Structures are given as structure tokens and as C-alpha cells.
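Structure, as C-alpha cells:
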Amino acid sequence: MESLCRASVGLGFRRELIPELKKCVPAAIDFFEIAPENWIDFGGVTGRDLRRFTERYPFVCHGLSLSIGSPAPLDEELLHKIRQFLDQHQISLYTEHLSYCSDDGHLYDLLPIPFTEEAVKYVATRIRRAQDILGRRIALENASFYVRSPITEMSEADFIRAVLTEADCDLHLDINNVYVNSVNHAYDPIEFICAMPTERIVYMHMAGHYNEAENLIIDTHGADVIDPVWSLLDQTYRIHGIAPTLLERDFNIPPLHELMHEVERIGLTQTRYAGANHVRAAS
């Protein structure tokens with residue numbers, strides 16, 4: 001399918017939603033997102049369902065297990081499978097987390113990369129190799145994290161900027177993750193947003209979370225988006241312009257008509273900034 005428009009709103013393509021989506025895809029949904037690992041090699045009814053949708057609607061792939069910052073070798077076999085999947089479904093944009101989730105085996109969580117100059121060079125080399133195999137630019141998402149590495153040399157924002165520059169890749173800006181980290185690590189989320197490079201922002205996420213304690217938020221994608229995160233999205237559009245933005249809902253998934261309230265709210269927020277300077281479209 002064609003590249004996403006800057007003013008476009010997406011929803012995660014979940015199997016629970018397929019029966020409702022088969023009946024009618026609401027007009028407010030411009031595109032869908034899937035994790036390729038959850039769909040690669042699927043045939044039968046499930047595979048045919050996906051193909052029917054990718055033939056009719058734009059899709060984005062958001063990876064879960066590339067583990068770009070891992071000390072283990074880059075999983076090139078997975079990357080070749082992802083490229084085949086992207087080409088098969090004509091999906092132009094692939095994004096992953098700027099984190100790691102494996103060493104000798106899968107760790108079942110997204111862990112923070114130490115914010116050091118050495119890590120910048122290491123991760124950037126792996127990103128460039130991934131882009132070569134995939135045959136396209138990728139975007140890296142700012143990840144939520146709960147413990148800082150004791151060998152950190154720079155701020156999270158400085159680390160992200162350095163990786164993007166060194167690897168020459170794009171930014172997948174997760175607004176909820178900025179909010180979560182700002183609470184957990186006591187920084188100003190607006191300052192963080194301002195520090196992100198406008199020209200590299202190609203995609204955004206909105207999601208809900210769980211308050212474990214007053215100063216500890218867990219990024220769950222299992223609840224409604226809260227008002228401070230909506231406000232942060234508004235400020236992000238004001239600072240950087242609009243970009244394709246998707247609602248993530250991975251757990252406690254309500255009926256489609258309830259999810260549409262938040263999807264439509266993203267669209268209304270984009271409308272307010274439609275005449276501003278935009279970031280470039282995902283390509």
C-alpha cells in the first residue's frame with residue numbers, strides 16, 4: 001500500500017477485533033499496525049484474514065523481538081523473514097524498540113540499553129545492518145524503562161539523538177512512554193519532547209498504563225489514555241507538527257466502538273494542527 005499521510009490515525013490490528021472489523025472498518029481508522037513476529041508463517045483462515053486487510057488498508061509493522069541493543073548476535077534470520085513479510089504485504093514502515101530483550105535466550109521484557117558512547121556506536125552498527133537486510137529505513141521507538149544503568153554517561157534524550165544520527169534512522173515517538181519515564185525518572189516530559197529531532201519523527205504511539213505507585217508507572221497498553229498523555233500529544237503536535245499516530249491497546253481490549261472514542265480523539269487533535277509545519281510522512 002501507499003505511504004501513510006501525515007494526518008492519519010491508526011489502530012493495532014488485534015485478532016479479537018477481526019470479527020467487528022470484517023463487518024465495517026470505521027472511517028476514522030486510516031491504517032493498522034501489527035507485530036510481524038505474531039503473523040509470520042501464519043496460513044489458514046487467520047493468514048487469509050490478514051491478507052484481505054493488507055490488500056485494502058495501509059499497515060505498519062512494529063517489531064517485538066529484534067533486540068537491537070542485545071549483546072547476543074543480531075538475529076539476521078528473523079530480519080530476512082521480516083523483509084519477506086513486509087514485501088509480501090507491501091508494508092513500507094517497520095519500527096522497533098530502542099532496547100533489548102535477549103541474551104542467550106529471550107528475556108520476556110524490554111530492557112534499557114546503557115546510555116553510553118560505546119553503546120551508541122554498537123547499537124547504530126546493528127541498526128545499519130538491519131536496514132541493509134530489510135532494504136528500507138527503520139524507525140526506533142523510545143522505550144519505557146524502570147531502572148537506570150549504573151554506567152550511564154548521558155541522558156535518555158541525548159542517547160536517542162546520538163543513535164538516530166549515528167545510524168541514520170528515524171524516530172518512532174511513543175508519547176505514553178515519554179510520560180511514563182518522566183514520572184518514573186523525574187524529568188520534564190515537555191523538555192524531552194522538545195529535545196527530539198523533528199526531522200526524524202515519522203510515527204507516534206498513544207497508549208494507557210498502570211499506576212503501580214505514586215512514582216512508579218508500568219507501561220501496559222491495557223487501559224484508556226489518561227488526560228496528561230493527551231495533553232502531551234497536543235504539545236508534541238504543537239512543537240513538531242503532526243505525524244501518523246496509532247492507538248495501542250494490547251490487553252483488556254474493549255469493543256471496537258469504545259476504542260473508536262480514542263482513535264477519533266487523535267484525529268481531532270491532528271485537525272487542530274493541520275496547518276502547522278508537519279514532519280515528513282513515513283516512507
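As the structure is a prediction and not an experimental result, all values here were calculated from the model.
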*asked:* Between Tyr203 and Glu33, does the side chain to side chain donor-acceptor pair (under 3.5 Å) criterion hold? Intermediate values first, please.
replied: CA-CA 11 Å; Tyr203 187 43; Glu33 176 193 272; 2.7 Å; yes
*Walk me through it: do Trp230 and Ile266 pass the test side chain to side chain contact (heavy atoms under 4.5 Å, CB included)?*
CA-CA 9 Å; Trp230 284 116; Ile266 295 172; 3.6 Å; yes
*Could you go step by step and tell me if Ser65 and Glu37 meet the side chain to side chain donor-acceptor pair (under 3.5 Å) rule?*
CA-CA 8 Å; Ser65 56; Glu37 296 93 333; 2.9 Å; yes
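Taking the six-membered ring for Trp and the full ring otherwise, the centers of His185 and Phe145 sit less than 6.0 Å from each other. Separation of the His97 and His172 ring centroids does not fall under the 6.0 Å cut-off.
A donor atom on one side chain and an acceptor atom on the other are not found under 3.5 Å apart for His89 and Glu55. For the residue pair Glu96/His62, the side-chain donor-acceptor check at 3.5 Å is not satisfied. Between the side chains of Asn142 and Glu156, no donor N or O sits under 3.5 Å from an acceptor N or O. Looking at Ser155 and Asp158, their side chains do bring a donor and an acceptor atom within 3.5 Å of each other.
Counting only heavy atoms from C-beta outward, the side chains of Leu66 and Leu74 approach each other to under 4.5 Å. The closest side-chain heavy-atom distance from Arg52 to Asp49 is below 4.5 Å. Ile175 places a side-chain heavy atom less than 4.5 Å from the side chain of Met204. A heavy-atom distance below 4.5 Å is found between the side chains of Ile34 and Leu50. Inter-residue side-chain proximity for Arg56 and Arg51 is flagged as unmet; no heavy-atom pair is nearer than 4.5 Å.
Arg126 contributes a side-chain N or O that, together with a main-chain N or O of Ile68, makes up a donor-acceptor pair within less than 3.5 Å. In this structure, the side chain of Arg14 does not engage the main chain of Ile253 through any donor-acceptor pair within 3.5 Å.
Every residue two or more places apart in sequence or in another chain that forms a ring-ring contact (aromatic ring centres under 6.0 Å, His included) with Phe192 is listed here: Tyr187. By the side chain to side chain contact (heavy atoms under 4.5 Å, CB included) test, Asp234 is found to be paired with Thr269, Arg272, Tyr273, residues two or more places apart in sequence or in another chain being considered. Listed by chain and residue number, nothing satisfies the ring-ring contact (aromatic ring centres under 6.0 Å, His included) test with Phe42 (two or more places apart in sequence, or in another chain). Legend: residues meeting side chain to side chain contact (heavy atoms under 4.5 Å, CB included) with Ile133, ordered by chain and number and at least two apart, are Glu76, Leu79, His80, Arg129. The ring-ring contact (aromatic ring centres under 6.0 Å, His included) check on Phe13 picks up Phe32, Trp39, Phe53, Phe59, with sequence neighbours excluded.
No salt bridge links Arg128 with Asp168; every basic N to acidic carboxylate O contact stays at or beyond 4.0 Å. Salt bridge absent: Arg83 and Asp132 never bring a charged side-chain N and a carboxylate O closer than 4.0 Å. Taking 4.0 Å as the cut-off between side-chain N and carboxylate O, Asp75 and Lys81 do not count as a salt-bridged pair.
Applying the side-chain contact (heavy atoms from CB on, under 4.5 Å) test between Leu173 and each of Leu233, Thr245, Ile201 identifies Ile201 as the sole match.
Other residues, nucleotides and ligands place no more than 12 heavy atoms under 6.0 Å from the CD atom of Gln84.
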Return all side-chain donor-acceptor pairs below 3.5 angstrom for residues 254-262, not counting sequence neighbours, or 'none' if the list is empty.
unit_1	atom_1	unit_2	atom_2	d
Glu262	OE2	Val225	N	2.7

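In this structure, Ser144 and Asn177 approach most closely via the heavy-atom pair N-ND2, 3.6 Å. Closest approach of Leu140 and Cys169 over heavy atoms only: CD2-SG, 3.8 Å. The nearest pair of heavy atoms linking Asn176 to Gly208 is ND2-O, 3.6 Å. When every heavy atom of His240 is checked against every heavy atom of Ile193, the shortest pair comes out as NE2-O, 2.6 Å.
Atom NE2 in His205 sits 6.0 Å away from atom CD in Glu141 (nearest 0.5 Å).
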